[in-house]
K.L.:
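I have a structure I would like to understand better, so I am pasting it below and will then ask my questions one at a time.
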Amino acid sequence: MHGHDEDVHLSSSSIRINPSPHDNSLLSNLQSCSKTLSSHLSNTRLSLTRMLDSLKNRHASPRLTQTRPVRRHNSPTQMLNSVTQLMIGSKSPLLSLSLIQSTQSIWSDPGAERLSSPLLCCASLSLNRPSESTTQSVEGKDATQQQQQQVQKGHSSASRNAEERVLISEVLVRTKDGEELERKDLEVEALAALKACRANSALTVREVQEDVHRIIESGYFCSCTPVAVDTRDGIRLMFQVEPNQEFRGLVCENANVLPSKFIQEAFQDGFGKVINIKRLEEAITSINGWYMERGLFGIVSDVDTLSGGIVRLQVAEAEVNNISIRFLDRKTGEPTKGKTRVETILRQLTTKKGQVYSMLQGKRDVDTVLAMGIMEDVSIIPQPAGDSGKVDLIMNCVERPSGGFSAGGGISSGITSGPLSGLIGSFAYSHRNIFGRNQKLNVSLERGQIDSIFRINYTDPWIEGDDKRTSRSIMVQNSRTPGNLVHGNQPDNGSLTIGRVTAGIEYSRPFRPKWSGTAGLIFQHAGARDEQGNPIIKDFYSSPLTASGKTHDETLLAKFESIYTGSGEHGSTMFAFNMEQGLPVLPEWLFFNRVNARTRKGIHIGPASFLFSLSGGHVVGNFSPHEAFAIGGTNSVRGYEEGAVGSGRSYVVGSGEVSFPMRGPVEGVLFTDYGTDLGSGNTVPGDPAGARLKPGSGYGYGFGVRVDSPLGPLRLEYAFNDKHNGRFHFGVGQRT
């Protein structure tokens, strides 16, 4: 891709990193750079000391020849190591300060004997790659050893003269040829960088050396050589500098995921100005920061200045070469054979081969695999893929036991009488990983004094061969639930139950971020029974209990549901829409349409949390009376018994509450609820609400406490209704 903005050229191409057989390790290069720097610093002190000796003997001023810095190159594996160091906080070894010795002859007065000695040093700031070819490395090591031997021989002499001072009458900044700089602003920058070197000051070798560093560290110059000239007015100290080129363009190679706009913004302020190494380093740091913020394995691996003021950046982006799954024993941690199919895990991952590896994306993949419910622990380990510049990913998985039995208990919210009548017990067998495909089978039984539910449920969380993450669920259920929500409060204190036999299949899939949809087909056979278990078709008030007039109603339902979950946490925005359509495939099957919607919104103000919820629904057609919308109770209008406000074809229930922390896991809550059947109670067959003198609308308000527990929030609330009657409500989990 190419971009153009005010003559700033950007280019990127697919990353192709070819390994060199002569590449050295990054650590070796850093060590070599450190040794070379130490050697050059020692040579600098020796050279400056000899300069003082020559000045004392009235030698003439020398000439200097700059040695060109050696460029080092990175191998792909070293680049991956550099990326890792950058992401854990280490600095990039791109920019290094090299002190390169220049050897010259010292000339005395005309006719004097010619002496050959290293005079001064040329300090050059260059953009060095962390490695060089094997030949250059060997030659560099030999040269370094020779320099170290020379330094050792002259070190004692240098130490004696290092702190001797020489009076300087004049300090100037000139070009390499001794001419004035064309750009006075650069001369001002160089002079401003000086700290010790001032006119009419006595200087030591160390102080001159430190000011050489300061000029280079200003970032505007690629070399700086101090030259001392003995004049009639005294000793003149000249800093011969070579300014950097003017920034005229930029070429960025191998940046496949880095936006060109970001590169332009990082460099556009320097266009047309002299290249400043410090600002260049800041731009490179910002690019590396862009990769780090996104968890991407990428780094600026090389910087070069071409003729014409063109800066070339080379970016190394570590692509995923291979992904492998390794199962570990949950007790010993040693590799073992897993029960889960490898392809079942791999299809869950969003990280694919050929992508630039992102640690953030890898973390999401770990969370996704854990959410399957069949793993106890999951981790990803990136490793270099040889010298290819790519990365291999190893996912370590510790499997959970795949199946087992469980038992528990709970409270039914539909029970309104008796101290223990609402208690239920449960027993279940579940298998989480059938055939190693993450398919789940659950067989459960819940039993109470009135309630009972037997259910078999088979779920395939991701149908094989589907690329939309579609899940399938098959369910068979036989249940008996209290009928007092609609037909309760009979004068003879009798009770009835609603028996349902249900079988169906549902398909679910996400179709937008935070949105999911469900479609299914469900058959239901339902009817009412008395306390002795005998089928009945009317209640005490002679209100019909079925729509068909028979002992049971049969319905084939086409179901559609769409849910928006927000962040998924309680208090976040949520919206759900549900529609059921009765299909009269046979004449006696019911034909109706029922819609239901609910939403909630949470707001945090300081330590307090506000939660507002609203739900409503409507049904048209011929439907069973016990399927009417019941209003009132713990999850509806508090302060009323379950279903005591009303039951109708339509309903609206609104709620508002504010919660605040009290102590530890305990928080307090204030709330108010309102519900109405919108005057539709008498449209339900038999008008069961009117026969029981239900008001059809009502409100409640109160207070309570909530405690976090392994079972979910435990809710204990006390509410008053509009009749000024008070009532306790207890629940487990969030309000639905």
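Only this structure's heavy atoms are used, side chains among them; waters, hydrogens and symmetry mates stay out.
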K.L.:
Would Ser624 and Asp553 count as having a side-chain donor-acceptor pair, cut-off 3.5 Å?
P.N.:
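Asp553 and Ser624 do have a side-chain donor-acceptor pair below 3.5 Å.
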
K.L.:
Is the closest basic N to carboxylate O distance between Glu641 and Arg727 below 4.0 Å?
P.N.:
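Result for this pair is yes, salt bridge flagged.
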
K.L.:
Could you check whether Glu446 and Ser452, counting side-chain N and O atoms only, form a donor-acceptor pair closer than 3.5 Å?
P.N.:
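There is no such pair (donor and acceptor under 3.5 Å, judged by atom type) between the side chains of Ser452 and Glu446.
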
K.L.:
Taking side-chain hydrogen bond (donor to acceptor under 3.5 Å, both in side chains) as the test, write out the residues that go with Ser650, two or more places apart.
P.N.:
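Residues passing side-chain hydrogen bond (donor to acceptor under 3.5 Å, both in side chains) with Ser650: His618.
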
K.L.:
Quick one: list whatever passes ring-ring contact (aromatic ring centres under 6.0 Å, His included) with Tyr564, sequence neighbours left out.
P.N.:
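So Tyr564 forms a ring-ring contact (aromatic ring centres under 6.0 Å, His included) with Trp515.
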
K.L.:
Return the set of residues passing ring-ring contact (aromatic ring centres under 6.0 Å, His included) with Tyr640 (not counting sequence neighbours), or none when no residue passes.
P.N.:
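So Tyr640 forms no ring-ring contact (aromatic ring centres under 6.0 Å, His included) with any residue.
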
K.L.:
Does this structure show an ion pair linking Arg649 with Glu627, if we count only N-O contacts that are shorter than 4.0 Å?
P.N.:
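Not counted as a salt bridge, because no side-chain N and carboxylate O are separated by less than 4.0 Å.
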
K.L.:
Under the side-chain hydrogen bond (donor to acceptor under 3.5 Å, both in side chains) rule, collect the residues that match up with Thr351, sequence neighbours excluded.
P.N.:
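Thr351 satisfies side-chain hydrogen bond (donor to acceptor under 3.5 Å, both in side chains) with Asp365 once adjacent residues are dropped.
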
K.L.:
Listed by chain and number, what are the salt bridge (Lys or Arg N to Asp or Glu O under 4.0 Å) partners of Arg326, not counting sequence neighbours?
P.N.:
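Arg326: no salt bridge (Lys or Arg N to Asp or Glu O under 4.0 Å) contacts found.
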
K.L.:
Does anything in residues 579-589 form a side-chain hydrogen bond (donor to acceptor under 3.5 Å, both in side chains)? List the pairs, not counting sequence neighbours.
P.N.:
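Those involving residues 579-589 are Glu554-Trp589, Glu580-Arg594, Gln581-Asn593.
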
K.L.:
Filter on ring pair (Phe, Tyr, Trp, His ring centres under 6.0 Å), then keep only pairs touching residues 425-449, sequence neighbours left out; what's left?
P.N.:
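Matches after skipping sequence neighbours: Phe405-Phe427, Phe405-Tyr429.
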
K.L.:
Will you find, in the side chains of Gln734 and Arg706, an N or O donor that is under 3.5 Å from an N or O acceptor?
P.N.:
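Arg706 and Gln734 do not have a side-chain donor-acceptor pair below 3.5 Å.
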
K.L.:
Is any side-chain heavy atom of Arg692 closer than 4.5 Å to one of His487?
P.N.:
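Yes, at least one pair of side-chain atoms sits under 4.5 Å.
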
K.L.:
Can you pull the side-chain hydrogen bond (donor to acceptor under 3.5 Å, both in side chains) pairs that have at least one residue in residues 369-378, sequence neighbours excluded?
P.N.:
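Every pair satisfying side-chain hydrogen bond (donor to acceptor under 3.5 Å, both in side chains) with a residue in residues 369-378: Arg330-Glu376.
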
K.L.:
What pairs with Glu464 under side-chain hydrogen bond (donor to acceptor under 3.5 Å, both in side chains), at least two apart in sequence or on another chain?
P.N.:
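Glu464: side-chain hydrogen bond (donor to acceptor under 3.5 Å, both in side chains) contacts with Arg437.
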
K.L.:
Got a sec, which residues hit salt bridge (Lys or Arg N to Asp or Glu O under 4.0 Å) with Arg638, two or more places apart in sequence or on another chain?
P.N.:
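Partners of Arg638 by the salt bridge (Lys or Arg N to Asp or Glu O under 4.0 Å) criterion, ordered by chain and then number, come out as Glu657, Asp673, Glu717.
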
K.L.:
Determine which pairs satisfy ring pair (Phe, Tyr, Trp, His ring centres under 6.0 Å) with at least one residue from residues 465-486, sequence neighbours left out, and list them in order.
P.N.:
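Sorted pair list comes back empty.
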
K.L.:
Lys559: what forms a salt bridge (Lys or Arg N to Asp or Glu O under 4.0 Å) with it, not counting sequence neighbours?
P.N.:
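Partners of Lys559 by the salt bridge (Lys or Arg N to Asp or Glu O under 4.0 Å) criterion, ordered by chain and then number, come out as Glu506.
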
